[in-house]
Amino acid sequence: MSYNTFGQMFRVTTFGESHGPAIGCVVDGCPPNIPLTDADIQRELDRRRPGQSRFTTQRREPDMVRILSGVFTHPASGEQVTSGTPIGLMIENVDQRSKDYSDIKDVYRPGHAGYTYDAKYGFHDYRGGGRASARETATRVAAGAIARRIVPGLVVRGALVQMGPHKIERASWSWDEVNSNPFFCPDAKQAAYYADYLDEVRKRGSSVGAVIEIVADGVPPGLGAPIYGKLDGDLAAAVMGINAVKGVEIGAGFAAAELSGEENADEMRVGNDGKPRFLSNNAGGILGGISTGQPVIVRFAVKPTSSILTPRRTVDRYGREAEVSTKGRHDPCVGIRAVPVGEAMVACVIADHYLRQRGQVGASPTWPFDPPKT
Ligand SMILES: Cc1cc2nc3c(=O)[nH]c(=O)nc-3n(C[C@H](O)[C@H](O)[C@H](O)COP(=O)(O)O)c2cc1C
């Protein structure tokens with residue numbers, strides 16, 4: 001049993017700790033002949049990289065990725081392509097400051113994983129959270145960059161749609177805006193508000209949570225398997241596996257409970273292209289655990305960063321009550337950098353199910369079917 005691996009056919013194993021020499025992953029099961037360079041992966045990593053604005057941790061990590069294996073220069077095209085063998089990726093840690101954590105070596109940060117690691121293993125790596133640090137999520141973004149290239153036409157994008165209690169105006173949604181502000185926020189006006197709001201939170205030494213929405217366009221119908229390999233089930237597990245995520249919704253999600261059957265039903269017509277056309281997408285692109293061909297929509301709630309300057313009551317490893325405040329470098333809203341991580345996890349799950357579909361079914365059936373002969 002391995003707990004550092006996810007996926008069946010597109011299989012990702014990550015390794016490394018926050019303050020070790022390097023982090024990385026092995027991506028196994030990637031098909032051959034997919035063009036892949038370091039730059040393709042670096043582009044995605046740069047979106048998650050810390051220290052790019054005053055709203056994220058000031059840890060200076062260049063997050064330079066090295067492809068160690070699994071690529072080859074194609075003999076005909078001269079292009080670097082995947083070879084079908086395991087792809088090893090490594091990112092060095094260069095800005096560890098373990099002494100920032102020496103004061104909290106033996107006390108548990110409420111909301112962090114120190115106590116549960118102790119309860120399970122009998123020790124915990126207090127330096128930046130060790131394996132529980134979100135530093136590990138860089139490797140998922142790297143794997144996601146490969147996953148994005150597997151399904152033809154797949155586009156996975158994410159956006160921050162709520163910070164603390166403040167939601168975006170959905171009518172103002174612009175994908176172009178997402179990459180123009182430091183919050184991955186699709187609503188320009190709300191992004192401007194978030195800047196002042198988060199400055200105030202940061203200066204107080206506090207933190208806030210966020211809601212992130214991931215939209216995957218170009219997902220072909222038929223991905224996902226009933227009933228223990230449902231696409232929505234695997235997406236929820238993958239996204240819930242991101243640090244600090246406390247809730248996941250697909251499509252209308254929890255709001256579906258408030259809708260009537262009439263409101264919730266995604267009615268169907270035949271589109272001009274002869275394919276089914278859904279009149280709404282409350283299902284979030286998934287029915288019966290299988291993709292419908294509509295955009296797959298995943299939303300997740302990220303809790304506020306638990307490392308805060310305000311002292312909190314806690315206990316230490318030796319059974320004594322204590323107080324703790326964290327002086328290291330932290331994101332005041334971890335939800336911001338969770339956006340590219342969420343995109344990566346969704347891309348990995350969809351790529352995995354695409355390969356599983358191809359393995360079991362081969363070419364997908366063509367809809368509509370011929371009517372029975374009478
Ligand atoms: C991108 C990202 C950055 C994070 N940075 C921090 C941080 O600076 N300080 C902190 O206390 N937690 C941070 N976290 C959250 C912790 O890693 C997480 O809360 C901790 O491992 C406990 O796990 P859990 O919240 O999933 O239960 C971050 C999470 C993400 C997704």
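All ligand and atom numbering here is 1-based and tracks the order in the structure.
Counting heavy atoms only, A244 comes closest to atom 15 (C) of ligand 1 of the residues A134, S18, A244. Of the options P110, G111, G241, A210, the smallest heavy-atom separation from atom 22 (C) of ligand 1 is shown by G111.
Using a 4.0 Å cutoff on heavy atoms, G129 does not count as a contact of ligand 1. For D331, the heavy-atom gap to ligand 1 drops under 4.0 angstrom.
Taking the charged nitrogens against the carboxylate oxygens, R66 and D38 have no contact shorter than 4.0 Å, which rules out a salt bridge. Salt bridge status for R170 with E213: present, with a side-chain N to carboxylate O gap under 4.0 Å. Remark: E17 does not engage R131 in a salt bridge, criterion side-chain N to carboxylate O under 4.0 Å.
With a 4.5 Å cut-off on side-chain heavy atoms, N282 and L259 count as touching. When side chains are defined from C-beta on, E343 counts as touching R47, because their heavy atoms get closer than 4.5 Å.
Against a heavy-atom cut-off of under 4.0 Å, A132 is close to the following atoms of ligand 1: 17 (O), 20 (C), 21 (O). For ligand 1, the atoms sitting less than 4.0 Å from at least one non-hydrogen atom of H112 are 10 (C), 11 (O), 12 (N), 16 (C), 20 (C), 21 (O), numbered in the order shown with element in parentheses. Close approach of ligand 1 to R109 is summarised as follows: ligand atoms under 4.0 Å from at least one heavy atom of the residue are 11 (O). Each of the atoms 19 (O), 24 (P), 25 (O), 27 (O) of ligand 1 lies under 4.0 Å from some heavy atom of K303.
Considering both main-chain and side-chain atoms, R337 never comes within under 3.5 Å of ligand 1 through any nitrogen or oxygen pair.
Taking the six-membered ring where the residue is Trp, the centroids of F123 and Y117 are separated by 6.0 Å or more.
Ring geometry for Y197 versus H166: interplanar angle over 60°, hence perpendicular rather than tilted (30 to 60°).
Contacts with ligand 1 closer than 4.0 Å are made by no heavy atom of R48, backbone or side chain.
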